**Q** 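Pasting a structure below so you can have a look.
The model shown is predicted, which means the values in this text are computed figures rather than measured ones. Residues take their numbers from the sequence shown, with the count starting at 1.
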Amino acid sequence: MGGDEGVDIVTGVIFKRVGDSRPYPDHGLDSRGWADLPPRQVRLDELVTTKDTLRLDTLLDEDSTFYGDLFAHVVQWQGDLYLEDGLHRALRAALQQRSVLHARVHQADA
């Protein structure tokens, strides 16, 4: 008998990686700039977060997205997709067993 009895094994992940900062250069987009980008589907397991903490009350608040953009903001940089804004939306999608999120994607590589 090994020493791993009773240990849960995680068989899947939500995000590609959990980060705590924005490694890409400042893109200068404001609300209007983001609104000009068409939303598209992004897989949750392709996203790298730029925040490593969240507020549970915001996650559980049904009205938390009432003000602001309906779509998450993602920055594509050096081959990775960084979730700049929308961590709570992404986690809500994961809790609802969805593997994709609708997001506006800015290509900082271009």
Side-chain angles (χ1 to χ4, degrees):
M1 292 252 177
D4 292 331
E5 293 89 0
V7 175
D8 291 334
I9 298 174
V10 178
T11 58
V13 296
I14 297 174
F15 301 114
K16 179 178 181 179
R17 195 167 61 249
V18 174
D20 61 356
S21 64
R22 300 175 183 174
Y24 47 86
D26 183 17
H27 48 66
L29 288 176
D30 59 8
S31 297
R32 180 169 295 283
W34 280 108
D36 288 341
L37 299 173
R40 67 176 176 99
Q41 288 188 348
V42 177
R43 291 182 50 88
L44 295 176
D45 62 2
E46 294 178 343
L47 294 172
V48 177
T49 69
T50 59
K51 299 174 186 168
D52 62 359
T53 58
L54 64 94
R55 293 189 45 177
L56 189 57
D57 60 336
T58 303
L59 176 66
L60 300 175
D61 184 3
E62 291 182 19
D63 294 329
S64 67
T65 58
F66 185 75
Y67 298 102
D69 200 340
L70 293 175
F71 303 102
H73 296 171
V74 173
V75 175
Q76 183 173 349
W77 187 66
Q78 294 186 345
D80 282 318
L81 295 171
Y82 291 92
L83 181 61
E84 179 172 298
D85 183 46
L87 179 60
H88 294 89
R89 287 179 182 88
L91 287 173
R92 257 190 245 116
L95 288 171
Q96 294 169 355
Q97 298 182 351
R98 291 185 286 144
S99 61
V100 296
L101 175 70
H102 285 87
R104 300 182 191 279
V105 180
H106 169 67
Q107 297 206 10
D109 299 317

**Q** If I compare all heavy atoms of Leu47 with all of Phe15, which pair ends up nearest, and what's the gap?
**A** O-CB, 3.5 Å

**Q** Using every non-hydrogen atom in the two residues, find where Val105 and Val42 come nearest and quote the distance to one decimal.
**A** CG2-CG2, 3.8 Å

**Q** With no hydrogens and no angle check, is any side-chain donor or acceptor of Ser21 less than 3.5 Å from a backbone partner on Pro23?
**A** no

**Q** Just by modelled atom types, is the Leu83 backbone N or O under 3.5 Å from a matching donor or acceptor in the Thr50 side chain?
**A** yes

**Q** Counting C-beta onward and ignoring hydrogens, is there a side-chain heavy-atom pair between Arg17 and Asp80 closer than 4.5 Å?
**A** yes

**Q** Name all residues meeting the ring pair (Phe, Tyr, Trp, His ring centres under 6.0 Å) criterion together with His102; count only those two or more places apart in sequence or in a different chain, and write none if there are none.
**A** none

**Q** Tell me yes or no: between the side chains of His27 and Glu84, is some donor less than 3.5 Å from an acceptor?
**A** yes

**Q** Would you compute the distance between atom NZ of Lys16 and atom CG of Leu81 and round it to the nearest 0.5 angstrom?
**A** 7.5 Å

**Q** Quick one: do Asp30 and Arg32 make a salt bridge, cutoff under 4.0 Å?
**A** no

**Q** Would you call the rings of Tyr82 and Tyr24 parallel, tilted or perpendicular if under 30° counts as parallel and over 60° as perpendicular?
**A** tilted

**Q** Nearest 0.5 Å please: distance from the CZ atom of Arg92 over to the CZ atom of Arg98.
**A** 9.5 Å

**Q** Return the minimal non-hydrogen interatomic distance between Ala103 and Val74, and the atom names on each side.
**A** CB-CG2, 3.7 Å

**Q** Could you report the tightest heavy-atom contact between Gly86 and Ala72, atom names first, then the distance?
**A** CA-CB, 4.1 Å

